[in-house]
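Input: a single structure, listed below in structure tokens.
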Amino acid sequence: KSKRKIREGDLAISTNFDGDVAMIQYSLKPLNKNDKTSMKETGFIVFDQDLNKIWQQEQTLPESEKRLDIKSSCIDKNNQVHFLVKLFHDDSRKDGLKDGIINHHWEVFTINGESSKIERSKISLQDDLLFKDLKFFEGADDDIIITGYYAKSQKDAAAAGAFLFYLSN
């Protein structure tokens, strides 16, 4: 669809829980090389089990390259793409506390291929706890599951606890 180049090494392939829908997610190289002003752009191609294309869409995301990281993506049985993003509150990209507040937050962005609208859902723990590792996938009951562990500081390698979120479709 796009004549723009795909960013090397920035490609993810996943299937839904039943394995009958597949999705390729890719990032486009920015037109502007300044990460502070260049908006993050990504694309999705969704296929059925016979590799027939169901839909394809490229999105300009609502934050700059500097402030937004796509950490994971998945597809559900309704052909909706969900992607887990880390949004930094400033251009420093520092994970730790800034003025007593964690310098980022996490959201799930959802698109359905029929519209360019992005649905956003914020996920969070207590204000002083940091997500350390997150996994993201569709479960058997059609829920999107986010699981992982958290720590009390960015430098703390040990887990302070585990978490599990369900996002209902």
Side-chain angles (χ1 to χ4, degrees), residues 1-91 93 101-125 131 134-148 163-169:
K1 183 176 179 180
S2 176
K3 295 189 189 263
R4 300 221 353 247
K5 292 190 176 197
I6 295 174
R7 183 178 289 178
E8 279 186 50
D10 210 352
L11 185 72
I13 300 171
S14 63
T15 62
N16 69 339
F17 181 81
D18 295 328
D20 58 359
V21 180
M23 181 261 309
I24 297 173
Q25 183 262 319
Y26 55 93
S27 290
L28 295 170
K29 284 189 175 182
L31 292 172
N32 177 352
K33 296 200 184 236
N34 183 345
D35 281 353
K36 289 182 181 182
T37 59
S38 180
M39 300 306 281
K40 183 87 162 179
E41 295 179 278
T42 190
F44 302 93
I45 308 171
V46 176
F47 300 94
D48 67 16
Q49 62 191 2
D50 297 319
L51 294 179
N52 297 307
K53 184 166 56 173
I54 298 171
W55 62 268
Q56 179 175 1
Q57 190 176 115
E58 291 180 347
Q59 283 276 345
T60 299
L61 301 180
E63 296 290 339
S64 69
E65 288 272 343
K66 187 84 169 175
R67 291 191 179 199
L68 186 145
D69 283 340
I70 298 174
K71 293 298 188 179
S72 183
S73 58
C74 69
I75 183 134
D76 66 26
K77 75 173 191 167
N78 299 316
N79 304 329
Q80 295 185 110
V81 171
H82 308 271
F83 46 113
L84 185 63
V85 298
K86 184 178 190 178
L87 292 158
F88 291 93
H89 298 166
D90 64 24
D91 292 335
R93 296 186 57 85
I101 299 170
I102 297 172
N103 194 36
H104 66 269
H105 69 275
W106 293 85
E107 291 187 27
V108 175
F109 288 5
T110 301
I111 59 173
N112 66 19
E114 296 173 13
S115 159
S116 60
K117 181 182 179 215
I118 299 173
E119 293 181 33
R120 298 171 73 164
S121 303
K122 188 174 180 179
I123 59 171
S124 63
L125 296 166
F131 289 118
L134 292 95
K135 301 293 179 206
F136 185 65
F137 52 92
E138 182 189 34
D141 295 327
D142 304 328
D143 292 326
I144 301 302
I145 299 170
I146 304 169
T147 186
F163 63 87
L164 179 69
F165 294 112
Y166 289 92
L167 298 176
S168 297
N169 274 330

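Numbers here simply count residues along the sequence, with the first being 1. Here the structure is a predicted model, which is why all the values come from computation and not from measurement.
Going from atom CG of L68 over to atom NE2 of H104 covers 12.5 Å, rounded to the nearest 0.5 Å. Atom CZ of F17 and atom CD1 of I75 lie 15.5 Å apart (nearest 0.5 Å). Atom CZ of F109 sits about 13.0 Å away from atom NZ of K117, to the nearest 0.5 Å. Taken from CD1 in I54 to CD1 in I45, the straight-line distance is 12.0 Å, to the nearest 0.5 Å. To the nearest 0.5 Å, atoms CD1 (I118) and CG (L61) are separated by 5.0 Å. The line from CD of Q59 to CD1 of I111 is 4.5 Å long, rounded to the nearest 0.5 Å.
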- Working for side chain to side chain contact (heavy atoms under 4.5 Å, CB included), residues R120 and L87: CA-CA 12 Å; R120 298 171 73 164; L87 292 158; 3.7 Å; yes
- Task: Please assess T110 against S121 for the test side chain to side chain contact (heavy atoms under 4.5 Å, CB included), listing each intermediate value before the final yes or no.
- Result: CA-CA 8 Å; T110 301; S121 303; 5.7 Å; no
- Query: Would I123 and I146 satisfy side chain to side chain contact (heavy atoms under 4.5 Å, CB included), going step by step from the backbone distance to the final call?
  - Reply: CA-CA 10 Å; I123 59 171; I146 304 169; 3.9 Å; yes
- Audit row: D90, R67, side chain to side chain contact (heavy atoms under 4.5 Å, CB included) steps and yes/no: CA-CA 7 Å; D90 64 24; R67 291 191 179 199; 4.3 Å; yes
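Taking 4.5 Å as the limit, some side-chain heavy atom of L28 sits within range of a side-chain heavy atom of E58. Between Q25 and I70, the closest side-chain pair of non-hydrogen atoms falls below 4.5 Å. Counting heavy atoms from C-beta outward, V21 and F47 have side chains that stay 4.5 Å or more apart. Considering only heavy atoms from C-beta on, V85 stays 4.5 Å or farther from E63 through its side chain.
The side-chain hydrogen bond (donor to acceptor under 3.5 Å, both in side chains) with D69 is formed by just one residue from the set K86, K40, R93; it is R93.
For the pair D142 and K77, the salt-bridge criterion is met [side-chain N within less than 4.0 Å of a carboxylate O].
The aromatic rings of H89 and H105 are tilted relative to each other, their planes meeting at an angle between 30° and 60°. Using bins of under 30°, 30° to 60° and over 60° for the plane-to-plane angle, the ring pair F131/W106 lands in the perpendicular bin.
P62 and M39 make their closest contact through C-CE, 3.5 Å (heavy atoms, listed as atom of the first residue, atom of the second, distance). When all heavy atoms are compared, the tightest approach of C74 to F136 is SG-CE2, 3.5 Å. Minimum heavy-atom separation, F83 to S73: CB-CB, 3.8 Å.
At distances below 3.5 Å, at least one donor-acceptor pair connects side-chain atoms of T42 with backbone N or O atoms of Y26. Of the possible polar contacts, none joining the E138 side chain to the D76 backbone as a donor-acceptor pair under 3.5 Å is found. Under a 3.5 Å cut-off, the side chain of N34 and the backbone N or O of K36 do form a donor-acceptor pair. Put simply, the side chain of T147 never gets that close to the backbone of F165: no donor and acceptor are under 3.5 Å apart. A donor-acceptor distance shorter than 3.5 angstrom exists from the side chain of N112 to the backbone of E114, with no hydrogens or angles considered.
Open room surrounds CG on D141; 12 or fewer heavy atoms of other groups in view lie less than 6.0 Å from it. Surrounding CZ of F163 are more than 12 heavy atoms belonging to other residues, nucleotides or ligands, all under 6.0 Å away.
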